[in-house]
Each structure stands twice: as C-alpha cells, then as structure tokens.
There are 2 protein chains.
Amino acid sequence: MADDSDSSRSNAHGEIMRATYRALRDHGYANLTIKRIAEEYGKSTAAVHYHYDTKDELLAAFLDYLLGRFKDTVHEVEIIDPERRLDSLLDQLLIEPNDHRDLLIAMLEMRSQAPYREAFGERFRGSDAYVRYILRTVIEQGVAAGAFDDVDVDHAARALMTVVVGAQTRDAVLNDDESDAFETARRLADEYVSAVLIDDDSGAN
Amino acid sequence: MADDSDSSRSNAHGEIMRATYRALRDHGYANLTIKRIAEEYGKSTAAVHYHYDTKDELLAAFLDYLLGRFKDTVHEVEIIDPERRLDSLLDQLLIEPNDHRDLLIAMLEMRSQAPYREAFGERFRGSDAYVRYILRTVIEQGVAAGAFDDVDVDHAARALMTVVVGAQTRDAVLNDDESDAFETARRLADEYVSAVLIDDDSGAN
DNA sequence: CCTACCGATCGGTAGG
DNA sequence: CCTACCGATCGGTAGG
C-alpha cells in the first residue's frame, strides 16, 4: 500500500508473466520451457515452480495475462456519433500492429492449442464473446440512432470478428515485408459497414 | 509400374505422412514426436529416420502433404455462370468441415509455427497465393462477363481470403457445440458478394 | 528396416 | 527462493 511505483518489490507474478512473454516471443510455444522462462525471470526454475506449481497452471495464468492485454487495446471510445465510434473501434482492432505483432504471434500459438487444452479454449471463447459484445453494443447504438440499417446485430458482430481473427492469423503467418493482412481487413471492414450496415435507401450512389 | 492399386508395397512415404497426420491429430503439434509417428506407422523410430533424416525434414514434407490435401478441396468447378461459380467456390472453402475439422486444427498449429520456421512460412505463403489466384480468376471472369462491378479484383480476393482464414481459426479455437464460425463466414461472404461486388446500379432494391 | 543405445533436455521435487 | 537431483522423454545414431 506504500509504494507500487517502483514495483520491484514482491511483484513476482507480474515479473514471471513478462518473462514468459519474452520467452514465448523469442522461442515459440513449442519451445517454451520452464528453464527459458526462469532465465528471462533471472532466477532458478525452482523459483518459478515456487509461484506456479505446474507448467499448466502458469500457462493458464499467462493466457489470462495475454488476453487482458489484448482487451486493453479494445478500450471503449469516447465518441458519440455511432458511425465514427465503430470506425474508431475497427481502427483499434485492425490497424497495423507494428509494436505488438509479437503479442499476436504468441496469441496465435496459444490459440492453436485450444483444441487440446480446455483451459485455453474456455479463455479464448470468453475473449471472443467479450469483443463481440463491444461490437454489438456499438452497432446497436448505431441502429437505434438510425445511422445503421436494422440489421442482424449479432451476425454483424460475428462477421466483423471473423475479419479481425482472419487478419490476425494472416498477418502472423504471411509475415513478409508488406503483409497486406491488416490493410486488407481494414478496407474489408469499411466496405462491410458502408455496403451492408448502411444500405443507403436515400440515394443509390 | 506394375501395380499401385494395392499400394501396400513401397509406399513408405505416403504411409508416414498419414501416420504423422494421425499423430498430429491425436496429440497436437507440441506433442508430436518421432516415437508417436513411428507408433502410428507401425514400425520403429529408426524406420522413420530411415526415410526422413531429421524431424524438420519430415515436417516440411508433411506440410506439403497437408497443403496439397487442402488444395484438392479447392478444385476448379465446372460451372460457367461466374456468379454461381464463385458461390460454389465459397461453398467449398466455407462449408462446415465436419469430416476434415481435424485437418484444419492441424493446419492452424502448423500455421502458428510459421513465424519461427521459414520452411513453414514460405509454404503457407504459397498456399495463400494459390487460393487467392483461384479467387481472382473467378472474380475476373465475373467482371468480364458483367456479372460483377469493375472492382479491385486483387483486393476482393484478399478480402475473401481473410474471411476464409478467419473462419478456419475461429472454428478451431471456439470448438464448442454449434460453432458459428463457418456459418457466419459463409453468410458474410454472401453479403460481400451481393453488396460490394454487385452494386446493382440498375435499381436500388 | 530393428535393437539398443547416446547425450541432451524436459517438468518437477527434496532439502535446506 | 537456491542447489542438486530425479525419472521420463526427446531426436538421432551405431551396428547389424
């Protein structure tokens, strides 16, 4: 309660999460070992096991940490105009990652483990549902305000979610110079909004 | 040259590919070992190493095998009408997998390794380019025939590719009872085709 | 192709 | 939290 500005005191869990992140980023999930995490942590493997009994437990906690960070990038926006608000939200979800591409790669690796680890699957389902909820809310406001047509809001949210996940996967996999993944997806999302959510009866172009 | 109908003779490579597929499906990429592949193969680990010197070499060959199978599901269709032809192609890419969901899960796992293994990355880039080529060809025919507007064909192909990959990833990750992934994606693709590729000037509904 | 084996590395623990 | 160690398993190889 005194000071957590330095946070170099007993913030072991946070340090281990960050160490796990670096180890995952540098070596990949398939080569993510307690030893490598411990090296990044700067202490022994026993020190890691002191805070997390098993590797499974550590990984589940790490996924919570990772998805929490992702959720933070999807913050509610302070814009009232529904159309611009959705636009801003899509920007956050689909603008070139640059800085946090490593995070997306790490997330893809853990995603691919979901079919084998129920602890992962349930967390990703929760994350998917959360982002869809944010999208639904924004779209519903737009429909209520008359900015969008009276579309199937739940479907529209799932559709945009598909675009987001498609961009994330393609970007991580096709990681050459100018990966088109997010650029394409952002443009696709725009087309979807202006051609499907807004079916402009008031004038055909 | 005599008979390959029985194919139980010296088809070791094919057998090992199928054994690898089963081992990957049952244990996941992170737990894919030569020993497990050998068990599925029905012979010793040395027998596997006899045909593939290293695990890396085996995995690269397996990815070729896997992507080849995927390409086979994207066969050219014998329909002339461009609109119905694109529709049929999207069906093949986006209809509920059911039978080959295991294949998609396996592919997602290997996708997630692309950032760490250049041999994987280049193969996935090739596969992405191939499917985009097929999509572009069909859309170009539609534009030429006047069925579609004069859209940016390359972008349209990339956009639909994003939808396909998004559906594949979401389906594998959100693997609960009625995963909406492919249903949502198929509907999204339809909306994209009828609202963006066909901007019906001839009458605003 | 097999048996038998190699050194290396894994997750985890005992004892302090 | 550390040192030291455990049994288990890994990819790969020798010798046949």
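By convention in this document, chain letters (A, B, ...) are assigned in the order of the sequence lines, proteins followed by strands, and residues within each chain are numbered from 1.
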For DNA chain C, whose closest nucleotide is more 5', that of R36(A) or that of D53(A)?
R36(A)

Result for 5'-nearest mapping on DNA chain C, choosing between K55(A) and H51(B), is H51(B)

Charged N-O contact under 4.0 Å between [X] and [Y]:
| X | Y | answer |
| --- | --- | --- |
| D190(A) | R186(A) | yes |
| D26(A) | R36(A) | no |
| E118(B) | R125(B) | yes |
| D128(B) | R132(B) | yes |

Starting at [atom1] of [X] and ending at [atom2] of [N], how long is that distance when rounded to a whole Å?
| X | N | atom1 | atom2 | result |
| --- | --- | --- | --- | --- |
| Y52(B) | dC1(C) | OH | C1' | 15 Å |
| Y50(B) | dA4(C) | OH | P | 21 Å |
| E57(B) | dG12(D) | CD | C1' | 13 Å |
| L58(A) | dC10(C) | CG | C1' | 15 Å |
| L59(B) | dC10(D) | CG | P | 14 Å |
| K35(A) | dT3(D) | NZ | C1' | 15 Å |
| N31(A) | dG11(D) | CG | P | 11 Å |
| I34(B) | dG11(D) | CD1 | C1' | 7 Å |

Please tell me whether [X] and [Y] have a donor and an acceptor in their side chains that are separated by less than 3.5 angstrom.
| X | Y | answer |
| --- | --- | --- |
| Y21(B) | E40(B) | no |
| Y65(A) | H13(A) | no |
| E15(A) | Y41(A) | no |
| N175(B) | R101(B) | yes |

Using a 4.0 Å heavy-atom cut-off across all strands, classify L32(B) as base, sugar-phosphate, or nothing.
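Since only primed, P, OP1 and OP2 atoms lie under 4.0 Å of L32(B), the category is sugar-phosphate.
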
Under 4.0 Å, heavy atom to any atom of DNA chain D: which of residues 38-49 of chain B qualify?
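Result for residues 38-49 of chain B: A46(B), H49(B), sorted by number.
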
For DNA chain D, the expected dot-bracket line (Watson-Crick or G-U under 3.5 Å, [ ] crossing, | inter-strand) is ||||||||||||||||

Backbone N or O of R84(A) within a donor-acceptor pair of the S88(A) side chain at under 3.5 Å?
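Between the backbone of R84(A) and the side chain of S88(A) there is no qualifying donor-acceptor contact (under 3.5 Å).
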
